[in-house]
Amino acid sequence: MPSIRVVNLKKYFGKVKAVDGISFEVKDGEFVALLGPSGCGKTTTLLMLAGIYKPTGGEIWFDDQLMNDVPPKFREIGMVFQNYALYPHMTIYENIAFPLRAKKMEEGEIKKRVYDVAKKLMIEKLLDRKPGQISGGQQQRVALARALIKQPKVLLFDEPLSNLDAKLRMMMRAEIKKLQEDLGITSVYVTHDQAEAMTMASRIVVFNKGKIMQYGTPDEVYRNPKNLFVATFIGNPAMNLIRNLSYIRKDGRAFLISKSLHLELPEDVAKKIEEAKKQEGLVLGFRPEDAEIVHEESGLGFWAYVYVLEPLGRDLIINLKVSETDELIKVFAESGVVVDKDEKVFVKLRPEGIHVFDSETEELIV
Amino acid sequence: MRLSFYQRHADKIRIFLFILIMFAITSPIILSYAWLILRSFSVDMNGFIPTKLTIKNWRFLWSEIKGYPNIWKTTFNTAFVAVMVMLLEMIMTSMGGYALSRFDFPGRTSMMKFILVLHAFPSVSLMVAIYYVLKYLNMLDNLWGIILLKAALETPWATWVMKGFYDGIPWEMEWAGLVDGYSRFQVWRKIILPLVKPGVAVTAVFAFLSGWSEFIFINTFIFSQEFWTLSKYVKATIGDFRFADYGLLSAVGVFYALPTIILFFFVSKYMIKLTIGGVKG
Ligand SMILES: Nc1ncnc2c1ncn2[C@@H]1O[C@H](COP(=O)(O)OP(=O)(O)O)[C@@H](O)[C@H]1O
Ligand SMILES: [Mg+2]
């Protein structure tokens, strides 16, 4: 299977810069997710990898071969579309066999392969039907079968699960992952669902407005987001942010302060902020699981009051506000924790869970 | 609580009334066809009642009538014009419609606007110009001249209609075909064209009917009896004041309308699917 290397790839539609100079690579047999909100250029990128769109600039390499001018049929790719794009006038059998017919394969071999792949995807009973006569989940499997049948070297997925209901989505998520691991086909998977990207991919390209925000393993983008966009896009509930903070040093101790908040910083964090030479417009970020609600001041943290509670069965999400005008803060707690509405509590932070961003550049400082 | 008679049968009564109204609206057409058919089988009519039945009016089918060309030769000419116009239009619009829908070439938008404007002009106003063109091309008194003329006048609009059908096909369908290993042309032929079949059928039917019923150009640019079509034949039976044979006129009229009626029975399935510029489900 080839590795894929994308260098400074661009695609402009008139004035719209759909993809604006992105570079990343996908290793041989790796499963990489392109993650980003709707309209950020994910599909456009995928269609360039498929050879359907011609790049405005930049290069696409499969191993050591430049693919820019290679038409789709010579790229040995399989692709699954969001709306499945099954051919409505053909039976399921003919749909799956269609890529093999392009290769003028003999009928016996086609039949054997179609039955093999249909069996693997558990759709062998549907082969005589038309796409309009089967469910969305089944159509999804047929689309997958059609992509796999010619034994492609690269698999491209464009939000393949987003039209399924939540339960089916979870199931197919695991199935596609297993299938990809078994076959070892180099795969690029487009999604706007961060949970999908986190659970399936070995690395994630986080996209926004045609640019790459961060490229790393799920753990890296979750633990060490490089900027505010990644920090808020990944994770559910999202990372808590407290904006408009200023940095001051008083009596040798370092603080982040606003009108309503006063947070003493550990020395290593303070050093980094001083190195960045930023005093104003700082943003504090921490994940809901990196904080704890206690009733007396202890260590690193700040005071806030309880706004509303969201029980989740095993856990409980406590929503807090530092003051009336601040954004909501969400903190996980075990369901045994007892707090009252409007009670003033201390939000105790884990030192490793603290992130500080520059609100101008949106980049991470610590 | 007791329901009244009307309440118990409300749905049925409403449908009955609806059918009654529809019948009232369409009755002038239906009745005139009924009259025509009855008249063609009778010696004379007393209002709607045939006085005496006969098949003599249909004699043109098996014997030559003085002053008229052979009916079968005339029918063949009519079918020839209709089928050729249909084929030409089908080929041109199925390709042209695809191009208008899918390709972004310079002048595409202005071309589409122009087609709309063009369609608004009555083609009769072009008569003199067409005469000179046909004369220059040596196609006066020639059925091919009529065929090309009809196809040329109707293709732009029909292309526009086909574009609507192509617009309804998602791009993904086309991309899937490319990824599956086919060229753009193969994708069009094997995937896209079958999906716009209702559009092609509709275009074909309209083209056939317009060729079949063409009168003005035939009347103007065809001089020899051997190139007559049925519309001209009907006109001749009307125009002959020496002996206005209403029996013959009715029979020829029915004969002329028959293929149209049969065709509609076959294609009504597709017609129903036609919304302006697209197919449903
Ligand atoms: N064929 C096209 N013509 C013009 N603009 C396009 C075209 N395809 C995509 N775009 C624009 O490019 C941007 C990225 O689109 P897309 O790649 O489909 O986003 P995503 O898949 O991430 O939702 C959008 O702003 C979209 O409107
Ligand atoms: Mg998309």
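Model, not experiment: these values are computed from the prediction. Side-chain atoms are counted along with the backbone in the values below, which use heavy atoms only and exclude waters and symmetry mates. A, B, ... follow the sequence lines: proteins, then strands. Residue 1 opens every chain.
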Would you say CZ of Phe23(B) has more than 12 non-hydrogen atoms from neighbouring residues, nucleotides or ligands within 6.0 angstrom? no
Whether over 12 other heavy atoms sit under 6.0 Å from Tyr33(B) OH: no
Here's a test: name every donor-acceptor pair under 3.5 Å between chain B and chain A, with the distance for each.
unit_1	atom_1	unit_2	atom_2	d
Ala176(B)	O	Tyr87(A)	OH	3.4
Gly177(B)	N	Tyr87(A)	OH	3.2
Val179(B)	O	Lys150(A)	NZ	2.4
Asp180(B)	OD2	Tyr87(A)	OH	2.7
Tyr182(B)	OH	Phe98(A)	O	2.6
Tyr182(B)	OH	Ala102(A)	N	3.0
Lys190(B)	O	His89(A)	NE2	3.0

Heavy-atom distances under 4.5 Å only: say whether Phe81(A) touches chain B with side chain, backbone, both or neither. side chain
Would you say that Ile52(A) contacts Val179(B) through its side chain, given a criterion of any heavy-atom pair below 4.5 Å between the two side chains? yes
More than 12 heavy atoms from other groups under 6.0 Å of CZ on Phe103(B): yes
Could you tell me whether Leu137(B) atom CG has more than 12 heavy atoms of other residues or ligands within 6.0 Å of it? yes
Just to verify, what does Ala145(A) make a side chain to side chain contact (heavy atoms under 4.5 Å, CB included) with, not counting sequence neighbours? Ile96(A), Val117(A), Leu121(A), Ile123(A)
For Ala102(A) versus Gly181(B), what's the shortest heavy-atom pair and its separation? CB-O, 3.6 Å
Mark yes when over 12 heavy atoms from residues, nucleotides or ligands other than Phe215(B) sit less than 6.0 Å from its CZ; otherwise mark no. yes
With a 4.5 angstrom heavy-atom cut-off, could you sort out which part of Ile77(A) is near chain B: side chain, backbone, both or neither? both
Is Met90(A) close to Pro194(B) at the side-chain level, that is, under 4.5 Å between some pair of heavy atoms? no
Quick check on Leu86(A) against chain B: is it the side chain, the backbone, both or neither that has a heavy atom closer than 4.5 Å? backbone
